[in-house]
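None of the values given here were measured: they were computed from a predicted structure.
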Amino acid sequence: MNKPADHPPIPPRRVGVLLTNLGTPDAPDAPSVRRYLAEFLSDPRVVELPKLLWQPILRGAVLTTRPKKSAHAYQQVWRDDGSPLAAITRAQATALNGAFGPDVMVDYAMRYGRPAIGDRVQALKDAGCERILLAPLYPQYCGATTATANDKAFATLASMRWQPAVRTLPPYHDDPAYIDALKQSIEGGLAALDFTPDALLTSFHGMPERTLRLGDPYHCHCHKTARLVQEALGREVILTFQSRFGRAKWLEPATDVVLESLPAKGIRKVAIVAPGFSADCLETLEELAIRGRESFIAAGGTHFAYLPCLNDSPVGIDLLRTLIGRELEGWVALP
């Protein structure tokens, strides 16, 4: 049956894939960082304190002192094409467009900042995507990362009269394809060094210890990833947690404390990798590669190397193609 002459245009049916990551300020300056931190630290999944208790602290001490310091840190790693996290996630989406056939659109969004998850979910629906795979790029599941990214997409779906069908990418902390990708990336990085490390550290983003007691699997996921990487490489790795914030007790051992303690134990050459991050960002490029190096050398270390994340490298894109292609089965006939 032909459409009525006055029928609104109907886009061709498509499938959408939305890569999501944590987020970033729009610029490496204090006002932009303040807006970003206000959104990030107001998320109840990130700071699990009563709102009436936390908001005065956030609006007072935190947002009056931290933005300037964080802006300086962002300035150390900012690229010509913007924030490393946003630029790399955009590159990942670009590299995957067309990988699953002409009827699959791949887009990206940030949980905090722009492009916003809600905006991109709506854009995919407007483009004819009646099925959408939400793909949080966090190998290890955590309520403060994976869950809150999905929450934001679900909130947009809740406002829609005509919702697309939705799937979510599960955590892949122990997926053989992920472990193999890490193995290839780490071995390639180590082979390119002009020294042989005495130790290899795997640094994961920290979380308050309380999240473990409340049932979050993140701690266990990180330990399993580190164990599997150690087995794949055939060498010992030291697991640590970075990015402590506030006064609460966080998961240990802490990356900065471990780095500063190693030279006294005769370990003066180290390499460090961050398997919990799918893309390099402030926490890897500034906290590890810059400040981690400085503290290690100041403590007596002689050689330090930070090995990049999988990013949009060939092995990294192959991994995402494998993980996403698996979740699209039954929706599309893959090329």
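- Ion pairing of Asp318 with Arg321 is present here, as a side-chain N (NZ or NE/NH1/NH2) and a carboxylate O approach within less than 4.0 Å.
- For Ser278 (side chain) and Leu137 (main-chain N/O), a donor-acceptor pair under 3.5 Å exists by modelled atom type.
- For the pair Arg120/Thr20, no side-chain contact is recorded, criterion being any heavy-atom separation below 4.5 Å from C-beta on.
- Between the CD1 atom in Ile88 and the CG atom in Asp81 there is a gap of 8.5 Å [rounded to 0.5 Å].
- Between the side chain of Ser295 and the main chain of Gly292, a donor-acceptor pair closer than 3.5 Å is present.
- Proximity of Leu190 to Arg235: side-chain heavy atoms (C-beta onward) are separated by under 4.5 Å at one or more points.
- Within the 3.5 Å criterion, the main-chain N or O of His205 finds a donor-acceptor partner in the side chain of Tyr218.
- Taking CD1 from Ile267 and NZ from Lys269, the interatomic distance works out to 12.5 Å, rounded to the nearest 0.5 Å.
- Between the side chains of Ser243 and Glu283, no donor N or O sits under 3.5 Å from an acceptor N or O.
- Going from atom CG of Leu288 over to atom CG of Leu259 covers 8.0 Å, rounded to the nearest 0.5 Å.
- The shortest non-hydrogen separation linking Pro136 to Asn150 is CG-OD1, 3.4 Å.
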* Worked check of side chain to side chain contact (heavy atoms under 4.5 Å, CB included) between Leu182 and Thr225 -> CA-CA 10 Å; Leu182 289 176; Thr225 295; 4.2 Å; yes
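- Using a 4.5 Å cut-off on side-chain heavy atoms (C-beta onward), Leu157 and Pro164 make contact.
- Counting only distance, with no hydrogens or angles, the side chain of Arg111 and the backbone of Thr148 share a donor-acceptor pair below 3.5 Å.
- In this structure, the side chains of Val315 and Leu319 stay at 4.5 Å or more apart for every pair of heavy atoms.
- The number of heavy atoms from other shown groups lying within 6.0 Å of CG (Leu53) is above 12.
- Without hydrogens or angle criteria, Asn97 side chain to Val106 main chain gives a donor-acceptor distance under 3.5 Å.
- Residues Leu133 and Val104 are not in side-chain contact: their nearest non-hydrogen atoms beyond the backbone lie 4.5 Å or more apart.
- Looking at heavy atoms from C-beta onward, Leu96 lies out of side-chain contact with Val17 at the 4.5 angstrom threshold.
- Using a cut-off of 4.0 Å between Lys/Arg side-chain N and Asp/Glu carboxylate O, Arg326 and Asp175 are scored as salt-bridged.
- For the pair Ser32 (side chain) and Pro28 (backbone), a donor-acceptor distance under 3.5 Å is absent.
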* Asked: After noting the C-alpha distance and the side-chain angles of Arg66 and Phe245, does the key distance pass the side chain to side chain contact (heavy atoms under 4.5 Å, CB included) rule?
  -> CA-CA 11 Å; Arg66 192 173 177 87; Phe245 173 76; 3.5 Å; yes
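- Ring-plane geometry between His221 and His173 is classed as parallel, the angle between the planes falling under 30 degrees on a 0 to 90 degree scale with a further cut at 60.
- With contacts defined as side-chain heavy-atom distances shorter than 4.5 Å, the pair Gln122/Met160 qualifies.
- Looking at Asp256 and Arg244, a side-chain N of the basic residue comes within less than 4.0 Å of a carboxylate O on the acidic one, giving a salt bridge.
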* Evaluation steps, side chain to side chain contact (heavy atoms under 4.5 Å, CB included), between Glu287 and Leu282 -> CA-CA 7 Å; Glu287 183 179 352; Leu282 182 73; over 6 Å; no
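- Under the 3.5 Å distance criterion, the side-chain polar atoms of Thr211 are matched with a main-chain donor or acceptor of Pro208.
- Side-chain atoms of Arg34 come within 3.5 Å of backbone atoms of Leu63 as a donor-acceptor pair (strictly under, hydrogens ignored).
- Counting only heavy atoms from C-beta outward, the side chains of Pro171 and Gln140 never approach each other to under 4.5 Å.
- The aromatic rings of His219 and Phe241 lie parallel to each other, with less than 30° between the two planes, well short of the 60° mark.
- Under a 3.5 Å cut-off, the side chain of Arg293 and the backbone N or O of Phe304 do form a donor-acceptor pair.
- A distance-only check finds no donor-acceptor pair linking the side chain of Arg131 to the backbone of Trp331 [under 3.5 Å].
- Ser42 and Leu58 make their closest contact through OG-CD2, 3.4 Å (heavy atoms, listed as atom of the first residue, atom of the second, distance).
- When every heavy atom of Gln92 is checked against every heavy atom of Asn311, the shortest pair comes out as NE2-O, 3.1 Å.
- Ion pair Arg35/Glu39 not flagged as a salt bridge, since none of the NZ, NE, NH1 or NH2 atoms sits closer than 4.0 Å to an Asp/Glu carboxylate oxygen.
- Taking a cutoff of 4.0 Å between a charged side-chain nitrogen and a carboxylate oxygen, Arg45 and Asp43 do not qualify as a salt bridge.
- When all heavy atoms of Lys125 and Gln163 are compared, the closest pair comes out as CE-C, 4.3 Å.
- Of the inter-residue distances, the one linking Ile132 atom CD1 with Met105 atom CE reads 9.5 Å to the nearest 0.5 angstrom.
- Pairing each heavy atom of Ser203 with each of Ile272, the nearest pair is CB-CD1, 3.9 Å.
- Tyr74 and Trp78 have perpendicular rings, their planes meeting at more than 60° on a 0 to 90° scale where under 30° would count as parallel.
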* To do: Apply side chain to side chain contact (heavy atoms under 4.5 Å, CB included) to the pair Thr156 and Ile117, showing each step before the final yes or no.
  => CA-CA 8 Å; Thr156 299; Ile117 290 176; 5.7 Å; no
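- Summarising the local packing, CZ of Arg114 is surrounded by 12 or fewer heavy atoms from other residues, nucleotides or ligands at distances under 6.0 Å.
- The two atoms that bring Thr284 and Cys309 nearest to each other are CG2-SG, 4.2 Å, heavy atoms only.
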